[in-house]
Amino acid sequence: MWGLTACCQRAEAQGMPPKRELRGVWIASVENIDWPSSRTLTADQQRREYQRMLNAEQRAGINAVFVQIRPASDAFYKSELEPWSKWLTGQQGRAPSPAYDPLPFLIDEAHDRGMEFHAWFNPYRASLDSVTRRLAPNHQFRQHPEWFIRYSGKLLYNPGLPEVRNYITQVILDVVRRYDIDGVHFDDYFYPYPEPGQAIHDEAAFARYNPDNLKLADWRRQNVNLLIQQVHDSIRSTKRWVKFGVSPFGVWMNKSGHPEGSDTRAGQPSYANLYADTRLWLQQGWVDYIVPQLYWSSNFRLVPYATILEWWSRNHYDRHLYIGQGAYRMLESTRSDTTWRNPRELPRQVRLNRSFPTDVSGSVFFSAKSIMANPLHTTDSLRLNLFRYPALIPTMPWMDAVPPRPAQNLMLTRAGGPVTLRWQAGSQAADGDEARYFVVYRFAEGETPGPDDPRRILKLLPRRPDKPLVWQDTTARPGQEYAYYVTAVDRLHNESAPIRVTTLKTEPEVLVAETPAAPVAVPATLPESAPAATPPVTARPPARPAPSRSTIGSRPSSTASKTKVKIKHKRRPGLFGRIFGG
């Protein structure tokens with residue numbers, strides 16, 4: 001059986017990108033790293049800057065954004081729990097003027113471009129300094145100073161307190177309930193990175209909340225485990241389709257410190273130093289995806305990229321593994337890792353990721369500004385080569401494996417060269433889901449229809465309630481005949497069986513594509529009498545999957561002006577049926 005794995009491996013061997021791949025970018029708001037670029041921008045300037053950023057990322061092939069909406073116990077959205085962020089308005093607690101809530105705009109702009117929107121939270125950071133007089137009146141430190149610890153000049157929530165875990169979960173669920181996000185995302189800041197001469201003063205919590213008499217390090221890990229599990233379970237019971245993921249420091253443990261660790265020599269592995277047992281979270285299914293920050297080059301002696309990538313490929317436990325790519329490293333002039341001065345380094349890493357087609361499901365780049373800067377022309381390599389063709393985001397069958405209903409009433413109209421397609425969305429699927437967007441494939445004369453060739457994808461069209469489902473193929477060549485397949489995709493990226501329609505006709509008003517998703521036969525030569533402009537051609541959704549082995553190019557029958565083509569179905573579903581889920 002020719003499955004998705006074999007198809008992806010074949011595509012990679014041919015240098016063709018996979019059809020399904022998450023291509024994400026982090027948009028950091030802390031210290032105005034990416035967006036907004038300044039605390040003094042007006043609301044209109046903020047919106048225009050964000051639109052320009054998304055347009056640039058879309059041109060580069062990005063299909064998911066991870067936007068930091070809570071960098072330090074503050075909010076880039078209207079909240080009754082936390083103050084407005086100073087990086088949005090210039091002063092913590094000051095509302096935007098004129099008043100507006102940025103988050104719906106941020107989400108809608110991403111969705112309009114076919115991008116997933118992951119709301120990025122920093123769970124424990126409360127302030128980048130410990131000067132509490134600058135905190136807003138409604139900052140949680142004003143109400144509960146006992147929840148916080150000071151460490152290396154920063155103010156942090158104490159992970160050892162159950163009240164803190166409950167509050168952080170409350171903040172996240174407030175966003176999950178009120179906004180149409182696709183995912184909740186945590187970064188790598190759990191317990192703080194160790195610094196010389198600094199100590200975490202959580203002695204009181206350790207004495208009070210340690211019924212199992214764990215050692216200090218195990219107790220701290222348990223505290224973070226409890227938060228991760230609580231957040232995961234709370235999200236799933238609130239909105240079943242919202243994903244939960246974490247981007248930890250790239251090394252879980254060195255082999256020298258743990259037999260299951262990687263053959264690396266990282267100075268601060270997350271398990272031992274940040275008390276973040278990411279491997280356990282994957283084993284327990286508490287996260288839907290992991291994005292380890294592999295910001296090292298192929299030649300970095302202590303943590304070679306290929307070595308740590310291979311370790312993660314064996315330790316993601318059937319949850320999605322996306323690789324955090326250090327695009328910003330090419331903007332540095334570091335002497336510690338000069339390989340980043342080679343413009344081939346980042347493309348090489350993406351290709352190496354793709355050599356693990358069943359394990360690595362994509363990349364997330366840090367950060368948006370770095371991709372926009374096109375360092376060493378790497379963004380050009382993504383746009384023109386690695387990400388040249390569209391990609392669907394991989395499915396998560398543990399969350400949802402039910403495809404949406406196929407599209408309906410597909411109609412084709414041609415006037416000269418351009419082809420216009422019109423269709424309608426199908427009804428709700430058995431699980432209540434509807435189509436979130438549609439995929440338009442095109443196959444030309446002599447081409448074999450197949451579901452996993454991204455070169456045949458012309459358009460990913462988001463579904464908008466206020467707009468009809470219409471799309472025009474302006475690249476269609478006059479005189480060239482085509483078959484078009486349209487599939488429906490739900491918000492967790494399950495793809496329906498396709499419906500199809502062709503430009504083929506032997507005389508006016510020929511009805512074609514009444515059969516279910518069959519690979520269409522487009523003639524090698526067409527009758528000279530075929531007019532340049534044709535009336536609409538209608539397709540109905542398939543009742544059953546179609547046979548898989550057929551090429552566009554066989555000669556049609558020259559019978560009546562209105563025909564229904566009957567096809568004998570094999571008992572075993574065809575290729576489109578098996579892969580698309582028809």
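All of these numbers come straight from a predicted model, not from anything done at the bench.
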Audit row: Phe66, Trp35, ring pair (Phe, Tyr, Trp, His ring centres under 6.0 Å) steps and yes/no
CA-CA 12 Å; Phe66 297 72; Trp35 180 89; over 10 Å; no
I'd like to check the ring pair (Phe, Tyr, Trp, His ring centres under 6.0 Å) partners of Phe356; sequence neighbours left out, ordered by chain and number.
none
Within the 3.5 Å criterion, strictly below it, is a donor on Arg113 or Asn55 matched to an acceptor on the partner's side chain?
yes
If we ignore hydrogens and angles and just use 3.5 Å, is the side chain of Asn342 paired with the main-chain N or O of Arg344 as donor and acceptor?
yes
Quick check: does any side chain N or O of Glu495 sit under 3.5 Å from a backbone N or O of Thr487, one acting as donor and the other as acceptor?
no
Return yes if some donor-acceptor pair links the side-chain N/O of Arg70 with the main-chain N/O of Asn122 below 3.5 Å, else return no.
yes
Closest non-hydrogen atoms of Glu345 and Thr339, given as atom of the first, atom of the second and distance, are OE1-CG2, 3.4 Å
For residues 324-353, the ring-ring contact (aromatic ring centres under 6.0 Å, His included) pairs (sequence neighbours left out) are Tyr295-Tyr328, Tyr328-Phe366
Can you give me the closest heavy-atom contact between Ile69 and Ala119, atom names plus distance?
CD1-CB, 3.6 Å
Residues Arg456 and Asp453 bridged, charged N to O under 4.0 Å:
yes
Proximity of Trp252 and His258 rings by center, below 6.0 Å
yes
Could you report the tightest heavy-atom contact between Thr475 and Arg442, atom names first, then the distance?
OG1-NH1, 3.0 Å
Would Tyr289 and Tyr322 count as a close aromatic pair, with their ring centres under 6.0 Å?
yes
Would Phe249 and Trp296 count as a close aromatic pair, with their ring centres under 6.0 Å?
yes
Partners of Arg463 by salt bridge (charged side-chain N to carboxylate O under 4.0 Å, His left out), sequence neighbours excluded?
Glu434
Whether the side chain of Glu447 engages the backbone of Ala444 through a donor-acceptor N/O pair (distance < 3.5 Å, no angle test) should be reported.
yes
Would you sort out whether Leu386 and Arg351 count as a side-chain contact (heavy atoms from CB on, under 4.5 Å), showing the intermediate values?
CA-CA 8 Å; Leu386 293 166; Arg351 291 188 178 95; 3.8 Å; yes
When you look at Leu352 and Leu309, which way does the side-chain contact (heavy atoms from CB on, under 4.5 Å) test go after all the steps?
CA-CA 9 Å; Leu352 188 59; Leu309 173 66; 3.6 Å; yes
For Val303, does its backbone N or O pair with a side-chain atom of Thr264 as donor and acceptor, under 3.5 Å?
no
Centre-to-centre under 6.0 Å for Trp312 and Tyr305, is that the case here?
no
Minimum heavy-atom separation for Ser262 and Val251, please, with both atom names.
OG-CG1, 3.8 Å
In terms of side-chain geometry, is the basic nitrogen of Arg314 or Asp359 positioned less than 4.0 Å from the acidic oxygen of its partner?
no
Leu274 to Pro194 - nearest heavy-atom pair and separation:
CD2-CD, 4.4 Å
Rounded to the nearest 0.5 Å, what's the gap from CH2 on Trp281 to CD1 on Ile290? Could you check?
7.0 Å
Any Lys/Arg nitrogen of Asp218 or Arg221 sitting under 4.0 Å from an Asp/Glu carboxylate oxygen of the other?
yes
OG of Ser247 to CH2 of Trp120: how many Å apart, nearest 0.5 Å?
7.0 Å
Using a strict 4.0 Å threshold on nitrogen-to-oxygen distance, state whether Glu332 and Arg341 make a salt bridge.
no
Look at the side chain of Gln68 and the backbone N and O of Ser29, then say whether any donor-acceptor pair between them is shorter than 3.5 Å.
yes
I need the Leu302 CG to Ser336 OG distance, nearest 0.5 Å.
9.5 Å
Tabulate below the donor-acceptor pairs under 3.5 Å that side-chain atoms of residues 369-376 make, not counting sequence neighbours, or state none.
residue : atom : partner : partner atom : Å
Lys369  : NZ   : Ile33   : O            : 3.1
Ser370  : OG   : Ser367  : N            : 3.4
Asn374  : OD1  : Thr378  : N            : 3.4
Asn374  : OD1  : Thr379  : N            : 3.0
Asn374  : OD1  : Asp380  : N            : 3.1
Asn374  : ND2  : Asp380  : OD1          : 3.3
Asn374  : ND2  : Asp380  : OD2          : 3.0

Would you check, one step at a time, whether the test salt bridge (Lys or Arg N to Asp or Glu O under 4.0 Å) holds for Arg125 with Asp188?
CA-CA 11 Å; Arg125 184 167 58 205; Asp188 55 318; over 6 Å; no
I'd like to know if the side chain of Asp187 and the backbone of Pro248 have a donor-acceptor N/O pair within less than 3.5 Å.
no
side-chain hydrogen bond (donor to acceptor under 3.5 Å, both in side chains) partners of residues 391-407, not counting sequence neighbours, each pair once:
Asp288-Trp398, Asp400-Asn494
By ring pair (Phe, Tyr, Trp, His ring centres under 6.0 Å), which residues pair with Tyr193, not counting sequence neighbours?
Tyr189
Start with the C-alpha distance between Phe244 and Phe186, add both sets of side-chain angles, then the distance that settles ring pair (Phe, Tyr, Trp, His ring centres under 6.0 Å), and finish with yes or no.
CA-CA 8 Å; Phe244 178 42; Phe186 282 1; 5.2 Å; yes
Across all chains, not counting sequence neighbours, the ring pair (Phe, Tyr, Trp, His ring centres under 6.0 Å) partners of Tyr275 are Tyr191
Leu106 to Tyr50 - nearest heavy-atom pair and separation:
O-OH, 2.9 Å
Worked verdict on Gln230 versus Thr169 for side chain to side chain donor-acceptor pair (under 3.5 Å):
CA-CA 7 Å; Gln230 180 174 329; Thr169 304; 3.1 Å; yes
Excluding sequence neighbours, so at least two apart, what forms salt bridge (charged side-chain N to carboxylate O under 4.0 Å, His left out) with Glu57?
none
Donor-acceptor contact below 3.5 Å, side chain Asn63 vs main chain Arg23
yes
Test item: Ser237 side-chain N/O and Ser234 main-chain N/O as donor-acceptor pair under 3.5 Å:
yes
Only pairs at least two apart or in different chains count here, so list each salt bridge (Lys or Arg N to Asp or Glu O under 4.0 Å) that has a residue in residues 258-274.
Glu260-Arg279
Answer with yes or no whether the side chains of Arg464 and His111 bring together a donor and an acceptor at under 3.5 Å.
no
Report the residue from His118, Glu116, His185 that forms a side-chain hydrogen bond (donor to acceptor under 3.5 Å, both in side chains) with Lys243.
Glu116
Hey, is the main chain of Ile393 close enough, under 3.5 Å, to the side chain of Glu21 for a donor-acceptor pair?
no
Pairing residues for Arg240 by the salt bridge (charged side-chain N to carboxylate O under 4.0 Å, His left out) criterion, not counting sequence neighbours
Asp433
Do the side-chain N and O atoms of Gln284 and Gln229 include a donor-acceptor pair separated by under 3.5 angstrom?
no
Can you sort out the partners of Tyr437 under ring pair (Phe, Tyr, Trp, His ring centres under 6.0 Å), two or more places apart, ordered by chain and number?
His493
Mind checking what makes side-chain contact (heavy atoms from CB on, under 4.5 Å) contact with Pro394, not counting sequence neighbours?
Arg20, Leu22, His320, Ser361
